[in-house]
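Have a look at the structure below before the remarks.
Values below: all heavy atoms of this structure, side chains included; hydrogens, waters and symmetry mates excluded. Remember, predicted model here, so these are calculated numbers, not experimental data. Residue numbers start from 1 in every chain, and the chains themselves are labelled A, B, ... in the order their sequence lines are given, proteins ahead of strands.
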Amino acid sequence: MKKDSNKKTSFKKQRLKYEEYFFRGVMLLSSCLIAFILGLIIYSILVKGVPSLSWEMITQTPKGGFYFGKEGGILNAIIGSIYLAFGATFIAFIIGLPISLYMNVWLSHKEKWVNMLRFILDLLWGIPSIVYGAFGFTIMILLGIKASLLAGIIVTALLILPIMIRAIDEGLKTVPKGLKESSYSLGSTKSELAFKIMLRQCIPGIVTAVLLSFGRAIGDAAAVLFTTGFTDNIPTALNQPTATLPLAIFFQLSSPIPEVKERAYAAAVILTSIILIISVLSRVLTQKYNKHTIKF
Amino acid sequence: MENQTKIKVESLNLSIGNKVILNDINISIPKNKITVILGPSGCGKSTLMKSMNRLTDLYPEMKVSGNIFIDDEDILHTKNDVTEIRKRMGLLSQRPYPLPMSIYKNVAYGLKISGRVNKQLLNKRVEHYLQQASLWNEVKDRLKDPASSLSIGQQQRLCLARGLAVDPDIILADEPTSALDPISSQEIEKKFLELKGNYTIILVTHILRQAARIADYVVFMYLGEVIEQGPAKEFFSNPQTEITKAYLRGSIN
Ligand SMILES: Nc1ncnc2c1ncn2[C@@H]1O[C@H](COP(=O)(O)OP(=O)(O)OP(=O)(O)O)[C@@H](O)[C@H]1O
Ligand SMILES: [Mg+2]
């Protein structure tokens, strides 16, 4: 009798062990798959893009014969994209930060409402950017505004606003109740709790949120397709149209001329590098500023 | 003079939905003494503490009625700002929650939000309160370090210093030593004995021996009600009810 039960438990142990192996295998496999695909994308961009990458590419605007594979570069698109992404991220940040603080400090006792808001924001996050683009375009026609940097910035800001709010919100959610109660018991008002305590505690999460939004803003083509227009010049005012890197890639890729096609990959290398540089930079900055964050 | 009352709780009721958490609480807490609140887990000790500095405001599901008088001001129904009420009490919680900033700024925080910002005075005050919490000697060379770099015991003393810095006259301590090693616990106990000359201290603890060591006055709670209260000596030597006796024997918990 006793032996029998021993046997049973050892069977169970065996099963648990195999289960463990199985799930570990699945996880390993999917991680490898993701790493492989990422590697493949970067590899193909580099192989095709680096040969046609040149100093000229990043320091000059397109000249007369650029679209036939002649001289010139894509400085217009680089600058345009940077203006657009910084502008949109800035606007989304100054609107999104107060909203997420409001959700977590002032509305903290209205859990139901906040969760509903989160749900709506997640829905908005999931809407394809082309819809934002079309929406922006419709409004622009209605108001009689021409495609411009400003219009692109506004539409892109709308696109990344849900990402910004929810990503900051996820950080703020992790602030323990005990820390909030401690700062209230020192006589903090709600805004002191929000701006002096919660913000500091969540700096890493906020940097991540900004980064995520920036990456989406600079990489998105559909939101700016109708709203910013396209030009060979570097914009000098908000009401001028502007080129962007994703669209530059798109237009060059659709050219039948091989030299121009290759330049599309060079532009992709540039776009990827910008995102990479920004990521590394912000990681370094977080390291520097999160030393006061309390680990709970 | 001897037994002046600092806090008077009158028919305090607190419920969440249909569940009664605190049932008709009536207690008087003597001024500049250590009052220990005892009782088995879940009997409402922390909730009673929270209602004293109105942290219950943060829980909209809690329905509170009754009166809590502090120096004759009914803090549950006062027109005064709730932040002013909270500043009159320093809070120590079960585990320390230092603010996400440097050691220095943790102590300076309360002074700053109260509007006292003169740099030199601030330095002096910070030193003073760190001294009071017996932390100064350990941190005087590293005031700019993050508070999170301190040990848990040091963090708890930092929280004490930070609480004292807003110049309260009451200290609310909810199991302040439960996360600490015996040495750090003793330091906190010793500190309380020194501080009680100037502060009214309310301490929740599960450690009966700790209670016996430092309590002047004891409140014993059970299932949301106050079963017994009185001077510590009488409470421990001559408990009145069967429940209290059982608790002191250690057969409830
Ligand atoms: N926010 C809340 N929502 C629902 N119930 C709560 C809430 N806070 C406290 N309670 C309930 O109120 C009762 C008293 O809780 P309280 O934390 O005051 O007990 P306690 O005496 O401090 O216990 P312990 O010694 O374990 O800390 C418990 O039954 C608890 O479940
Ligand atoms: Mg408790």
Tell me if the CZ atom of Phe86(A) is crowded by more than 12 foreign heavy atoms within 6.0 Å.
no
Honestly, the part of Leu55(B) sitting under 4.5 Å from a heavy atom of chain A is side chain
For chain B against chain A, print all donor and acceptor atom pairs separated by less than 3.5 Å.
| from | atom 1 | to | atom 2 | distance (Å) |
| --- | --- | --- | --- | --- |
| Tyr59(B) | OH | Glu181(A) | OE2 | 2.4 |
| Tyr109(B) | OH | Ser188(A) | OG | 2.8 |

Can you tell which part of Met89(B) gets under 4.5 Å to a heavy atom of chain A, answering side chain, backbone, both or neither?
backbone
When heavy-atom pairs shorter than 4.5 Å are enumerated against chain A, which of Pro96(B), Pro98(B), Gly163(B) gives the highest number?
Pro98(B)
Do you know which two heavy atoms are closest between Pro100(B) and Ile197(A), and how far apart they sit?
CG-O, 3.6 Å
Pair count under 4.5 Å, heavy atoms only, with chain A: among Val82(B), Leu99(B), Ile85(B), highest is Leu99(B)
